[in-house]
Amino acid sequence: MAGRDFKTGLFYHLPLIPLLFAFMAGLTAGRYSPLPWLFTAAWPAAALAGFMVLQRLIGQKPARVSPLVLFFALGAVAIAPWQSPFFPPSETKPLFDAGWVEISATVAQP
């Protein structure tokens, strides 16, 4: 029977649902956040949370918050390669106003 067993003190729950929500929140934050440091901060946060999860598992203690932080950071890292890079208008404007450009090349080896 799912639920609390009062004799043994065990409690059955579904840990994948909060982890899924944390991952989706990381994806959403990585996609819609205007903060440029979010991707940079996600790597150390994922490493620290992963270390804390391992430490809690080795000590056989429950880890409640650190897996959520880990999956949030992994969600932010997972969406980063799919984001288009941000180029300020001052850097791309000369490329659009250049007109026609002829590119030629030579193949050195087959």
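Quick note: numbers below take in every heavy atom, side chains included, and nothing from hydrogens, waters or symmetry partners.
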Quick one: closest heavy-atom pair of [X] and [Y], and the distance?
X: Ala29; Y: Phe72; result: CB-CZ, 3.7 Å
X: Ala42; Y: Val77; result: CB-CG2, 3.6 Å
X: Leu68; Y: Pro18; result: CD2-O, 3.6 Å
X: Leu70; Y: Ala46; result: CD1-O, 3.3 Å
X: Ala78; Y: Phe23; result: CB-CZ, 4.0 Å

Enter the distance from [X]:[atom1] to [Y]:[atom2] here, rounded to the nearest 0.5 Å.
X: Leu19; Y: Leu74; atom1: CG; atom2: CG; result: 10.5 Å
X: Leu57; Y: Gln55; atom1: CG; atom2: CD; result: 10.5 Å
X: Thr28; Y: Phe21; atom1: OG1; atom2: CZ; result: 11.5 Å

Phe71-Val53 co-clustered via ILVMFWY side chain contacts under 4.5 Å: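 Cluster IDs for Phe71 and Val53 differ.
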Cluster link Ile17 to Met24, ILVMFWY, side chain under 4.5 Å: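 Shared cluster, yes.
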